[in-house]
Trainee: 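The structure's right below; bear with me while I get my questions together.
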Amino acid sequence: MSNTASSGTPMAAGPLTRAVLEIDEYVAGLGWDQPARLFALVDTAQLRSQEPGLAERLGLTDDASTGAFTPIEQDELPADSPLDEFLGTIAWPDAVVGCALSVERLMLPSSAEASVPDSLDGAQLAKWVAEHPERQEVRMTVAVLRDGERESALRLREKDSSTEVLTGSDLVPGLADALVATFEE
């Protein structure tokens, strides 16, 4: 068992890990069956110095740790646009040092991959996965920085507890790559 602070965040976790776990915990508090949520990550110290009024409203005190990131939720993502297409339209201002996305998906264990029928199109495959007896609902929260650093948190619906959240930098590489691409010009 890892050494955690009262918030459930590992005490030795780096700033990006703390940010991704903070977002995971926030979204978990909203319950399941939520739309995808996009967050800008800003440097907390810079936010306090450049926007003291906003920092005060957000409860960011002067004792916040150096190198911390403050997640700021963005407007709701358009429901009629595929996620990959929408991410391709994002342009972040310079003050944004990173971004994060929290999204729910159905997953199958690797043991089920061999049984996936080859002839299914996207909609048929989604239906097949949704009906599979071994499917699991998962919430993926992926955060990246402009320099390419990345972190992810995965939470299974059947183990919906902050002590059961899996973290790692390469858990959702495709989504992390798509988020990093939002910073490329």
Side-chain angles (χ1 to χ4, degrees), residues 1-45 47 54-55 57-61 64-79 83-84 86-87 90 92 96-110 129 135-183:
M1 181 159 208
S2 65
N3 193 10
T4 59
S6 60
S7 67
T9 303
M11 290 170 34
L16 191 56
T17 302
R18 288 192 304 271
V20 82
L21 288 171
E22 179 182 340
I23 293 167
D24 171 76
E25 194 67 25
Y26 164 74
V27 175
L30 301 173
W32 284 87
D33 304 318
Q34 295 291 315
R37 294 178 183 277
L38 182 66
F39 298 82
L41 298 177
V42 297
D43 180 277
T44 302
L47 178 64
L54 175 59
R57 284 195 307 276
L58 293 173
L60 303 174
T61 61
S65 61
T66 303
F69 302 111
T70 299
I72 300 173
E73 188 170 5
Q74 303 301 291
D75 291 336
E76 190 171 312
L77 279 62
L83 186 58
D84 57 339
F86 173 73
L87 292 176
I90 295 174
W92 296 105
V96 175
V97 297
C99 65
L101 182 76
S102 184
V103 62
E104 295 176 14
R105 291 292 185 256
L106 291 176
M107 267 184 17
L108 291 178
S110 56
V129 170
R135 75 186 176 284
Q136 295 209 13
E137 291 179 75
V138 63
R139 180 180 301 116
M140 303 175 286
T141 303
V142 179
V144 302
L145 298 180
R146 282 185 184 270
D147 67 7
E149 183 182 348
R150 52 189 69 197
E151 187 62 61
S152 305
L154 296 180
R155 180 186 292 246
L156 294 174
R157 189 172 191 157
E158 72 176 28
K159 295 184 178 183
D160 192 4
S161 163
S162 60
T163 61
E164 296 287 337
V165 175
L166 178 66
T167 60
S169 60
D170 290 323
L171 297 177
V172 193
L175 184 52
D177 290 344
L179 290 173
V180 168
T182 66
F183 291 102

Trainee: Got R37 and E73 here, is their nearest side-chain heavy-atom distance under 4.5 Å?
Mentor: yes
Trainee: Hey, mind stepping through R157 and D33 against side chain to side chain contact (heavy atoms under 4.5 Å, CB included) and telling me if it holds?
Mentor: CA-CA 10 Å; R157 189 172 191 157; D33 304 318; 3.2 Å; yes
Trainee: Side chain to side chain contact (heavy atoms under 4.5 Å, CB included) with D177: which residues, sequence neighbours excluded?
Mentor: R150
Trainee: Could you check if a side-chain atom of L154 sits within less than 4.5 angstrom of a side-chain atom of V165, using non-hydrogen atoms only?
Mentor: no
Trainee: Quick check for you: to the nearest 0.5 Å, what is the distance between L166 atom CG and S152 atom OG?
Mentor: 9.0 Å
Trainee: Please name the pair of heavy atoms, one in F69 and one in T44, separated by the smallest distance, quoted to 0.1 Å.
Mentor: C-OG1, 3.3 Å
Trainee: For R155 and E25, what are the C-alpha separation, side-chain angles and deciding distance, and is it a salt bridge (Lys or Arg N to Asp or Glu O under 4.0 Å)?
Mentor: CA-CA 10 Å; R155 180 186 292 246; E25 194 67 25; 3.3 Å; yes
Trainee: How many angstroms lie between atom CZ of F39 and atom SG of C99, to the nearest 0.5 angstrom?
Mentor: 11.5 Å
Trainee: For F183 and V144, which heavy atoms make the closest approach, and how far apart are they?
Mentor: CE1-CG2, 4.1 Å
Trainee: Do the side chains of V103 and L175 get nearer than 4.5 Å, heavy atoms only?
Mentor: yes
Trainee: Over all heavy atoms of both residues, which pair between V96 and R146 is shortest? Give the atoms and the distance, please.
Mentor: O-NE, 2.7 Å
Trainee: Working note: W92 + V97, criterion side chain to side chain contact (heavy atoms under 4.5 Å, CB included); need CA distance, chi angles, decisive distance, verdict.
Mentor: CA-CA 9 Å; W92 296 105; V97 297; over 6 Å; no
Trainee: Do M140 and S102 touch side chain to side chain, with heavy atoms closer than 4.5 Å?
Mentor: no
Trainee: Mind checking whether V142 and V20 have side chains closer than 4.5 Å, heavy atoms only?
Mentor: no
Trainee: Which pair of heavy atoms, one from L101 and one from A36, lies closest together, and at what distance?
Mentor: CD1-CB, 4.4 Å
Trainee: Looking at E164 and K159, what are the two nearest heavy atoms and their distance?
Mentor: CB-O, 3.4 Å
Trainee: In Å, rounded to the nearest 0.5 Å, how long is the span from CG of L47 to CG of L41?
Mentor: 12.0 Å
Trainee: Any idea which heavy atoms bring P15 and A68 closest together, and the distance?
Mentor: CB-CA, 4.2 Å
Trainee: Spell out, as yes or no, whether a donor-acceptor pair under 3.5 Å connects the side chain of Q74 to the backbone of I72.
Mentor: yes
Trainee: Quick one: pull up CD in E104 and CZ in R139 and give me the separation to the nearest 0.5 Å.
Mentor: 5.0 Å
Trainee: Measure the CD-OG1 distance between E151 and T141 for me, rounded to the nearest 0.5 Å.
Mentor: 11.0 Å
Trainee: Can you see whether T167 engages T17 through a side-chain donor-acceptor pair at a distance of less than 3.5 angstrom?
Mentor: no
Trainee: If I take atom CG from residue L145 and atom CG from residue L179, how far apart are they, to the nearest 0.5 angstrom?
Mentor: 11.0 Å
